[in-house]
Amino acid sequence: MNEENPKSILVIFGATGDLANRKLFPSIYRLYKNGKLSEDFAVVGVARRPHTNESFRENVEQSVKASRPDNEEINDGFFSHFYYQPFDVTDLASYQELKNLLERLDEKHHTEENRIFYLAMAPNFFGTIAENLKNEGLTDTKGWSRLVIEKPFGHDYPSAKQLNEQIRQAFDEEQIYRIDHYLGKEMVQNIEVIRFANAIFEPLWNNQYIDNIQITSSETLGVGERGRYYDKSGALRDMVQNHMLQMLALLAMEPPIKLNPDEIRSEKIKVLRALRTMTPDTVDDYFVRGQYGAGLNNGEQVEGYRDETAIDSESNTETFVAGKLLIDNFRWAGVPFYIRTGKRMAAKATEIVVQFKELPMNLYFNKGKDIQPNLLVIHIHPDEGVTLHLNAEKRGVGTTSTPVKLNYYSHNGDKINTPEAYEVLLYDCMLGDSTNFTHWDEVALSWKFVDVISQAWTAKKANFPNYESGSMGPKAANELLENDGFHWWSI
Ligand SMILES: NC(=O)C1=CN([C@@H]2O[C@H](COP(=O)(O)OP(=O)(O)OC[C@H]3O[C@@H](n4cnc5c(N)ncnc54)[C@H](OP(=O)(O)O)[C@@H]3O)[C@@H](O)[C@H]2O)C=CC1
Ligand SMILES: O=C1O[C@H](COP(=O)(O)O)[C@@H](O)[C@H](O)[C@H]1O
């Protein structure tokens with residue numbers, strides 16, 4: 001295999017759906033345009049709707065064009081790699097037809113019988129598709145076969161375990177690529193580089209020098225069209241179980257002995273194992289839940305969660321979570337990791353703030369007044385970069401200090417050239433690099449941590465709604481930090 005230009009057929013189950021159209025087709029195009037796909041590739045879309053290759057290619061073209069604001073000319077050759085097969089995943093006959101098609105395309109596109117099966121479909125189909133692919137011989141090729149699975153991977157630990165066992169009947173762990181799109185974000189991948197490639201941070205990266213770490217992922221959008229899924233999920237399962245815990249693990253893990261998937265995972269897993277587990281009685285001391293009411297979103301009046309489409313008018317589902325997590329190991333004992341995520345908040349931003357401890361004694365500057373703590377801010381989205389907050393002399397005012405910021409932005413505002421998370425992850429999968437996908441052990445530990453909290457919350461009805469749309473969440477989320485003498489740094 002050519003490492004730079006992998007040869008494979010990508011089969012997208014759910015090719016007429018939202019994810020395929022908004023994320024996958026534009027990402028495949030970017031890989032093509034950036035020279036990361038060889039000419040030896042094919043994409044086969046499958047779903048029930050009756051498309052021909054031509055009408056499917058028109059759809060792909062529309063979706064790619066919608067993602068390119070600059071009206072650029074798109075080479076027609078790109079679309080000629082796309083094929084469509086009407087397919088019902090529950091009908092075994094469809095798999096034989098697909099097998100025949102893939103064999104023909106292998107010949108035509110020289111794809112060496114390498115296959116990626118991307119399940120962009122409702123999760124209740126994941127197990128069935130995996131089993132049928134194996135039983136009908138689609139994975140029995142001279143090349144490699146990989147399975148990409150979208151979230152949610154289960155609803156809790158028992159359902160995730162059951163799903164995993166079903167999939168493992170057909171695919172080995174090394175063939176399974178569980179997507180967490182946050183792991184494809186440039187600045188999430190940068191966490192390791194910032195930590196392990198800078199002599200100035202790693203010696204300070206522990207409970208002697210760090211006061212607390214804050215991870216915020218706030219959204220301005222509400223639940224939108226996804227009410228049916230979301231009302232059964234909530235922010236804890238939708239964001240905390242996966243994205244938030246993954247970012248925490250990257251921030252807290254020990255340096256891996258090698259930068260390979262197994263070593264990195266093994267360090268992340270140790271962090272998840274060291275998380276202090278909640279009990280039903282302690283959940284309220286460490287976690288805050290919220291649900292948005294009506295309010296303002298970008299200056300416009302918006303309705304509350306319970307009035308949104310497909311949401312129960314008495315829904316107990318949380319659209320906001322804040323939590324204080326403790327990692328009971330040598331490096332992090334006593335350092336709170338605060339997380340917060342929610343919908344319909346004041347800003348769309350994902351940001352990590354590392355707050356360093358104050359100096360033991362302020363000898364010279366701002367005598368008698370507070371000096372600002374040093375902060376390292378990792379901007380994940382929409383800004384991508386790092387800001388270091390320091391104190392410097394206030395010009396011409398002798399021993400008075402003033403806060404200063406050192407900024408590094410990784411893209412110079414040129415968003416179009418920042419790779420999309422899906423583009424990065426698809427390419428990794430084509431290369432067989434599973435570093436930025438979640439291993440079953442990580443998924444299992446994350447569910448076990450989260451399940452205690454969700455069980456406690458299901459058992460006790462909340463007093464919802466408890467935060468206004470357009471705010472930064474319920475008051476209790478601020479109190480969580482204030483009780484420890486901290487506050488959320490604004491994002
Ligand atoms: N959309 C997003 O931004 C995100 C989505 N995800 C996950 O990705 C997956 C897909 O989501 P999304 O694209 O939004 O879902 P959609 O509902 O938009 O798409 C579902 C797709 O499945 C196809 N489908 C449904 N039933 C069958 C069947 N029996 N046989 C064959 N095809 C079928 C549909 O096509 P047809 O009707 O033509 O059969 C459609 O292409 C889900 O697991 C979701 O949780 C994860 C993160 C973000
Ligand atoms: O996985 C999900 O993530 C999005 C937020 O992703 P981002 O890249 O825009 O930060 C969230 O809206 C969605 O509910 C959740 O399923």
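Read the numbers this way: they start at 1 and go in the same order the structure lists the ligands and their atoms.
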Original post:
Given E150, K23, R228, R48, which has its nearest heavy atom closest to atom 8 (O) of ligand 1?
Top reply: E150
**OP:** Could you walk me through whether Y467 and F320 pass the ring pair (Phe, Tyr, Trp, His ring centres under 6.0 Å) test, one step at a time?
**Re:** CA-CA 9 Å; Y467 72 96; F320 174 97; 5.5 Å; yes
Original post:
Is the shortest N/O to N/O distance between D238 and ligand 2 below 3.5 Å?
Top reply: yes
**OP:** Verify the contact flag for atom 17 (O) of ligand 1, where contact means a protein heavy atom under 4.0 Å away.
**Re:** no
Original post:
Is there at least one pair of N or O atoms, one from S217 and one from ligand 2, spaced under 3.5 Å apart?
Top reply: no
Original post:
Are any of the N or O atoms of Y229 closer than 3.5 Å to those of ligand 2?
Top reply: no
Subject >> Protein contact to atom 9 (O) of ligand 2 [nearest heavy atom, distance to 0.1 Å] >> reply: K348 NZ, 2.7 Å
Original post:
How close does the nearest protein non-hydrogen atom get to atom 8 (O) of ligand 2, and which residue and atom is it?
Top reply: K185 NZ, 2.6 Å
Subject >> Best match, M121, E225, R226: closest heavy atom to atom 33 (C) of ligand 1 >> reply: M121
**OP:** Would you check whether Y229 reaches within less than 4.0 Å of ligand 1, judged by its heavy atoms?
**Re:** no
Original post:
Which bit of F13 is near ligand 1, meaning a heavy atom under 4.0 Å away: side chain, backbone, both or neither?
Top reply: neither
Subject >> Mode of E219 contact toward ligand 2 - side chain, backbone, both, neither (heavy atoms, under 4.0 Å) >> reply: side chain
